[in-house]
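Take a look at the structure set out below.
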Amino acid sequence: MSSLPPSLQSDLEKLQALQDQLNSVRVRKQQFESELKEVERAISEIEKIPAESKVYKIVGSFLVLVTKDQALQELKDRKELLELHIKTLSRQESMLMKQIEDLRTQINEALAKLQGGAGGGVLKAVVNE
């Protein structure tokens, strides 16, 4: 690997950085998706109770009484925000995957030239996704 040209080493480092970024985006997206499922379950449960029922929300270490409508509105607002975050992260994920694939192709072509055309699938052995 140390016998690679500096530009190719730089591309490999960039590829690793993009893959790290992609992993980070995927983790954050999974966290938001998990929270979204919790919010959807809460909405579903609160919608089942009568309007005059007592609803409490946690604020720090306190439980605060709120109306059913207030609780539903807060949850729906949170759901909308989570969906927006997930959509944004999905776009980032797609863009990063495209950048990774393009860079991977570029690196494979450079490796093939270095090895006289025999380096077609070398990159997969050099950098794991």
Side-chain angles (χ1 to χ4, degrees):
M1 179 109 158
S2 62
S3 64
L4 294 176
S7 64
L8 192 52
Q9 286 180 357
S10 174
D11 286 347
L12 287 170
E13 290 169 4
K14 183 178 178 184
L15 179 62
Q16 186 60 51
L18 287 171
Q19 289 174 327
D20 291 344
Q21 232 182 321
L22 178 61
N23 288 337
S24 174
V25 166
R26 285 178 172 166
V27 166
R28 288 188 1 239
K29 183 178 162 191
Q30 287 173 343
Q31 291 169 338
F32 284 133
E33 287 171 339
S34 177
E35 186 178 346
L36 178 61
K37 287 178 185 174
E38 288 179 30
V39 167
E40 288 172 337
R41 279 194 300 267
I43 289 171
S44 174
E45 290 303 315
I46 290 175
E47 285 176 337
K48 293 177 188 176
I49 64 173
E52 64 279 353
S53 295
K54 291 184 180 183
V55 177
Y56 294 89
K57 73 174 185 174
I58 297 175
V59 178
S61 58
F62 296 96
L63 288 176
V64 178
L65 180 64
V66 295
T67 66
K68 176 184 173 181
D69 289 340
Q70 285 174 315
L72 277 174
Q73 188 58 52
E74 284 182 29
L75 287 169
K76 288 177 181 178
D77 290 346
R78 182 67 186 158
K79 178 182 176 187
E80 187 177 317
L81 183 62
L82 288 168
E83 288 171 339
L84 181 60
H85 283 309
I86 291 167
K87 185 177 180 181
T88 300
L89 289 169
S90 292
R91 279 198 304 265
Q92 283 181 332
E93 182 181 28
S94 294
M95 286 177 15
L96 285 167
M97 288 183 347
K98 170 118 178 60
Q99 288 176 340
I100 286 170
E101 189 54 42
D102 291 347
L103 188 55
R104 194 175 267 152
T105 300
Q106 177 183 330
I107 292 170
N108 272 330
E109 288 171 359
L111 286 171
K113 286 179 186 176
L114 280 177
Q115 297 179 354
V122 173
L123 182 58
K124 294 208 186 249
V126 176
V127 179
N128 293 328
E129 183 170 0

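Note that the numbering runs from 1 along the sequence shown for the chain. Quantities reported herein were computed from a predicted structural model and do not represent experimental measurements.
Not one N or O on the side chain of S10 forms a donor-acceptor pair closer than 3.5 Å with the backbone of P6. Side-chain atoms of S24 never come within 3.5 Å of backbone atoms of D20 as a donor-acceptor pair (strictly under, hydrogens ignored). With hydrogens and angles ignored, the 3.5 Å screen pairs no side-chain donor or acceptor of E47 with any backbone N or O of S44. No donor-acceptor pair closer than 3.5 Å links the side chain of S34 to the backbone N or O of Q30.
A continuous path of Ile, Leu, Val, Met, Phe, Trp and Tyr side chains, each step under 4.5 Å between heavy atoms, connects L63 with L65, placing both in one hydrophobic cluster.
Applying the side-chain hydrogen bond (donor to acceptor under 3.5 Å, both in side chains) test to residues at least two apart or on different chains, the pairs with a partner in residues 49-64 are K57-E74.
Between E109 atom CD and L114 atom CG the span is 12.5 Å, to the nearest 0.5 Å. Interatomic distance, OG1 of T88 versus CZ of F32, reported as 9.5 Å (0.5 Å rounding). In this structure, D102 CG and I107 CD1 are separated by 11.0 Å, a value rounded to the nearest 0.5 Å. Taking CG from L4 and CG from L12, the interatomic distance works out to 6.5 Å, rounded to the nearest 0.5 Å.
Taking each heavy atom of L103 and L18 in turn, the nearest pair found is CD2-CD1, 4.0 Å. The heavy-atom pair separating L36 from I86 by the smallest distance is CD2-CD1, 3.8 Å. When all heavy atoms are compared, the tightest approach of L8 to L111 is CD2-CD2, 3.4 Å.
Shown here are the side-chain hydrogen bond (donor to acceptor under 3.5 Å, both in side chains) partners of E93, two or more places apart in sequence or in another chain: R26, K29. Residues meeting the side-chain hydrogen bond (donor to acceptor under 3.5 Å, both in side chains) test with R78, sequence neighbours left out: E35.
For E33, the CD atom is densely surrounded, since the number of other residues' heavy atoms within 6.0 Å is greater than 12.
A side-chain donor from one of D77 and Q73 sits under 3.5 Å from a side-chain acceptor of the other.
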Check against side chain to side chain contact (heavy atoms under 4.5 Å, CB included), V55 and T67: CA-CA 6 Å; V55 177; T67 66; over 6 Å; no

Salt bridge (charged side-chain N to carboxylate O under 4.0 Å, His left out) evaluation trace for K48 with E45: CA-CA 5 Å; K48 293 177 188 176; E45 290 303 315; 3.2 Å; yes

Test side chain to side chain contact (heavy atoms under 4.5 Å, CB included) applied to V64 and I58, step by step: CA-CA 6 Å; V64 178; I58 297 175; over 6 Å; no

Full working for side chain to side chain contact (heavy atoms under 4.5 Å, CB included) between I100 and M97: CA-CA 5 Å; I100 286 170; M97 288 183 347; 5.6 Å; no

Stepwise side chain to side chain contact (heavy atoms under 4.5 Å, CB included) test for Q106 and E101: CA-CA 9 Å; Q106 177 183 330; E101 189 54 42; over 6 Å; no

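The side-chain heavy atoms of K79 and L75, taken from C-beta on, include no pair separated by under 4.5 Å.
No option in H85, E83, R91 other than R91 meets the side-chain contact (heavy atoms from CB on, under 4.5 Å) test with K87.
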